[in-house]
Amino acid sequence: MSDKRMNKDEPGDPRVSAAYREMADERSPDHLDHIILNAARGAARPRWKDAVAWLRPAAWVATIGVCLAIVIEISLLPDPGPAEFDSVPPATAPPAVTSPAAAKRLEKAAPQAAEPAAAHALRKPARGPSADPEVRSDEAEALNRVRELRRQEAFQEDTAPAAMLQSAPATTSIQETLTERYCDETATADPNSWLECILELERQGLLEAARLERERLALAFPPPELP
Amino acid sequence: MAASARLLRQAPRALSQSACLAYAPRMEHRPEDSALMLRYRDGDVAAFEILYRRHKDALFRYLLRLCRQRAAAEDVFQEVWGKIIKSRENYRPTAKFTTFLYHVAHNCFIDYIRRNKRHGNTADIEPDSQPDGGDCPEMLVEKSLARRRLDAALRSLPDEQRDVFLLYEEGGLGLDEIATITDCKRETAKSRLRYAVRKLREAMDDPPETA
């Protein structure tokens, strides 16, 4: 059988194996067993338990910290106040005039839009000198709108034909619908109060707004022609 | 069909493995070595104790026959288990645990040889150090002689053949695993094992006077 097995895949011999088993009966020394098992016990101290020991309080601290940070952040956010620009009807919002056709459409819609714009001007509170950041942001936004208006005007000057330039009242009405009113209706009722409003705007540094209001003043109250 | 032939081929080997574990206490549930090692990696010391008790004696005999000096075998044995303990974090059950264990042991033995250049033929293993009880004197003498002959034949084997034979007998490893551990081709391992077994069988068959 052993010879037969020698030709097989595994050339072991059961007789030799049995004899070797009978001979080899040594066992590992007890003192080595103690040493190795003690070393295994010492090395097997689960590290994840140590990690969990500080992980849970750390998680709590992190959670509380994040919550506090969110609360502080929310409390430091500026009060949104009355939604001035959000309350503007869509018709009075400055549209992006990108083509003469669009300008014509706006021109047609101008009479209807003039009234809401005036109402918006009424709602707008009078501006005074203030160091409030909210007021500053409003001024910056107003200036941005003025710049946008100037860009639109420049576009219209470039693209509008001469015929469109002749229709001055309609263009003015478009401008009125597009621009912000910096002086309310009470101020604009009288040329003197309007002028005072314009001077106030200049004192506040809103030169562009003052210039626009000055133009409106000139349109509303044209200077008398000299003979 | 092929499977049954394979089973028949492996039957003597399975017998030898069962004989190897004959001294071990019979257990109802025998968890896999790899599972035990993974449990030990997760901090279960009891799993390591089971694993250690399962393999310690075979590994010690492997190193004892390989080193041929008890003190050296004990040093290497301790070193092997130390490495197993250290490597528990990186242990991946990609192969049999015994392959992993005996690979570490083989490498530790190679390191030991390199450290101790004068590792030679001075064996201090006494085959009759643990005499059997209960046998009649004639049987004891005969067993003792058989032991001496086999032990002498085993010691006379070249290191590579002895290594392969011990991996086969003590580790219960197959040729592929032996080839992996000894870093040789499967056919080389097979050839070494065949030569080793032939020499041992011849030594056993020799009359006592010539042994």
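Just so it is clear: chains get the letters A, B, ... in the order the sequence lines come, proteins before strands, and each one is counted from 1. The analysis underlying the following values was restricted to heavy atoms, covering all of them including side chains, and did not include hydrogens, waters or symmetry mates.
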*Asks:* Does A:Glu26 offer a backbone N or O that forms a donor-acceptor pair with the side chain of B:Arg61 under 3.5 Å?
*Replies:* yes

*Asks:* Under 4.5 Å from any heavy atom of chain A, what part of B:Leu63 do you find: side chain, backbone, both or neither?
*Replies:* neither

*Asks:* Of B:Val197, B:Leu200, B:Leu193, which meets side-chain contact (heavy atoms from CB on, under 4.5 Å) against A:Asp13?
*Replies:* B:Val197

*Asks:* Would the distance check show the side chain of A:Arg15 and the main-chain N or O of B:Met204 forming a donor-acceptor pair, the cut-off being under 3.5 Å?
*Replies:* no

*Asks:* Between A:Tyr20 and B:Glu170, is a side chain to side chain contact (heavy atoms under 4.5 Å, CB included) present by the stated rule, with each step listed?
*Replies:* CA-CA 10 Å; A:Tyr20 175 77; B:Glu170 295 291 0; 2.7 Å; yes

*Asks:* Which region of A:Ile36, side chain (C-beta onward) or backbone (N, CA, C, O), has a non-hydrogen atom less than 4.5 Å from a non-hydrogen atom of chain B, or is it both or neither?
*Replies:* both

*Asks:* Checking heavy atoms, do the side chain of B:Leu166, its backbone, both or neither come under 4.5 Å from chain A?
*Replies:* side chain

*Asks:* Taking A:Ala40's backbone N and O only, do any of them form a donor-acceptor pair with B:Tyr40's side chain (distance below 3.5 Å, no angle check)?
*Replies:* yes

*Asks:* Restricting to non-hydrogen atoms, name the atom on A:Leu32 and the atom on B:Gln78 that form the minimum distance, rounded to 0.1 Å.
*Replies:* CD2-OE1, 3.3 Å

*Asks:* Only one of B:Lys56, B:Arg53, B:His55 forms a side-chain hydrogen bond (donor to acceptor under 3.5 Å, both in side chains) with A:Ser28, so which one is it?
*Replies:* B:Lys56

*Asks:* For residues A:Leu37 and B:Trp81, determine if any side-chain heavy atom of one lies less than 4.5 Å from a side-chain heavy atom of the other.
*Replies:* no

*Asks:* So, do A:Met23 and B:Leu154 sit near enough that their side-chain heavy atoms are less than 4.5 Å apart?
*Replies:* yes

*Asks:* Measure the spacing between CZ of A:Arg41 and CD of B:Glu49 and express it to the nearest 0.5 Å.
*Replies:* 4.5 Å

*Asks:* Of all heavy-atom pairs between B:Ile85 and A:Ala43, which one has the smallest distance, and what is that distance?
*Replies:* CG2-CB, 3.4 Å

